[in-house]
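The next block holds one structure in the form of structure tokens; read it before the comments.
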Amino acid sequence: MPELPEVESYRALAERALRRPIVQVDAPDAWFLKDGLDAPTVEAALTGRYFVAARRTGKLLLLHTAGGGPVLGLRFGMTGRLVVDGRAGVDRLLYSSDRDVAAWDRFAVSFADGGRLLVRDPRRLGGVLLDPDQSGLGPDALTVTPAGLRSALAGSTAPLKARLMDQSRLAGVGNLLADETLWRAGLDPRRPAGSLSPAELRRLHRHLRATVTQLVARGGSHTGDLRPARTAGGACPKDGAPLTRGTVGGRTTWWCPTHQR
DNA sequence: ATTGTGGCCTGCCCGC
DNA sequence: TGCGGGCAGGCCACAA
């Protein structure tokens, strides 16, 4: 599902949509427009303008318009895809459908040259925002510093995994990325977030940055080394122990009871 | 304030 | 072969 790695792929794809005059905006699904946004407003905000930059914070894609104009924010939930000129941002999306169904096109921007940028989301869990408020987002997981990670976790009794996925503390980590990172770092997802020693914090930071970087390069949060074993009867790829399945932070969680402490 | 829970969305897969 | 139930998780509202 779209976590940081997928959205980073979408961001790179969205570079193709820059400096192309916008002639039409289609927002057929009112549910998909968030924070009180409506179709006439977003149409008026974008038509006649063009994008100049494609940025990303966590799982939020930001398309800036020229001259300091409005910023289009796109969220993808767990089943949303970005499509530009018929080209999809990722080949395959876990838990979503790979089919092309026009009814799943929830939002589209058409350019003067005939091309289009659109969000295709079967489950409608994503959304469109205008000038999104980013004050509620923590530092991006791809670039977070050791101190940033420490302050995201410090003093908390919540499960470590829940804090890693708390977008207001750290932006970009979803369920699969959290399991993969904690598995690599050898940390029990149920540990109180504030209980990590300085050495464990450094280890987690190193593995977080490395994991995110690697999964971005591989093309998705589903390309982790733990992922194939995240299933009934799965064994730890490191030591062969049967993986444990449970609910942590309200999400299905798989971990190795042997080496994750 | 922090933490936990349940609901929303709907395609897909499994078992009958 | 059709059908119903459960499942997936990002995000948000709400409760304790």
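A, B, ... follow the sequence lines: proteins, then strands. Residue 1 opens every chain.
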- Answer yes or no: does a side-chain N or O of Arg251(A) lie under 4.0 Å from OP1 or OP2 of dG9(C)? no
- Message: Need one value for Arg106(A): base, sugar-phosphate or nothing, where a base atom within 4.0 Å counts as base even if backbone is also close, heavy atoms only.
- Response: nothing
- Item | Protein-nucleotide distance (Leu129(A), atom CG; dC12(C), atom P), rounded to Å | 8 Å
- Task: Using a 4.0 Å heavy-atom cut-off across all strands, classify Arg245(A) as base, sugar-phosphate, or nothing.
- Result: sugar-phosphate
- Hey, does the side chain of Ser156(A) come within less than 4.0 Å of dT2(B)'s phosphate (OP1/OP2), counting only N and O? no
- Output the single nucleotide from dG4(B), dT10(B), dG10(C) whose closest atom is nearest the side chain of Arg124(A). dT10(B)
- Do the side-chain N or O atoms of Arg230(A) get closer than 4.0 angstrom to the phosphate oxygens (OP1, OP2) of dA8(C)? no
- Hey, which of these two, Gly155(A) or Leu125(A), hits DNA chain B nearer its 5' end, going by closest nucleotide? Gly155(A)
- Phosphate OP1/OP2 of dT10(B) contacted by Trp104(A) side-chain N/O (<4.0 Å): no
- Note on the structure: Comparing Gly250(A) with Arg169(A), nearest DNA chain B nucleotide closer to 5' gives the residue Arg169(A)
- Separation of dG10(C) C1' from Met165(A) CE (nearest whole Å): 10 Å
- Message: Just verifying a value: how many Å separate Leu149(A) CG and Arg209(A) CZ, rounded to the nearest 0.5 Å?
- Response: 10.5 Å
- Does a donor on one side chain sit under 3.5 Å from an acceptor on the other, for Glu180(A) and Thr211(A)? no
- Task: Return no unless some side-chain N or O of Lys59(A) is found under 4.0 Å from OP1 or OP2 of dC11(C).
- Result: yes
- Message: Just by distance, no angles: are the side chains of Arg184(A) and Gln214(A) close enough, under 3.5 Å, to form a donor-acceptor pair?
- Response: yes
- Leu160(A) CG to dG4(B) C1', in whole Å, measures 17 Å
- Between Asp35(A) and Thr252(A), who's closer to the 5' end of DNA chain C by nearest nucleotide? Thr252(A)
- Item | Length of the CG-P vector between Leu4(A) and dC11(C), whole Å | 11 Å
- Message: Looking only at the side chains, is there a donor atom on one of Glu6(A) and Ser221(A) sitting less than 3.5 Å from an acceptor on the other?
- Response: yes
- Task: For Phe32(A) and dC9(B), give me the distance from atom CZ to atom P, rounded to whole Å.
- Result: 14 Å
- Query: Can you tell me how far P of dG10(C) sits from CZ of Phe76(A), to the nearest Å?
  - Reply: 15 Å
- Message: Between Thr79(A) and Asp121(A), do the side chains contain a donor N or O and an acceptor N or O under 3.5 Å apart?
- Response: yes
- Message: In whole Å, I'd like the distance from the CZ atom of Arg123(A) to the C1' atom of dC8(B).
- Response: 10 Å
- Rounded to whole Å, the CG-C1' distance (Asp166(A) to dC12(C)) equals 13 Å
- Message: Would you say Thr157(A) places a side-chain N or O within less than 4.0 Å of OP1 or OP2 belonging to dT3(B)?
- Response: yes
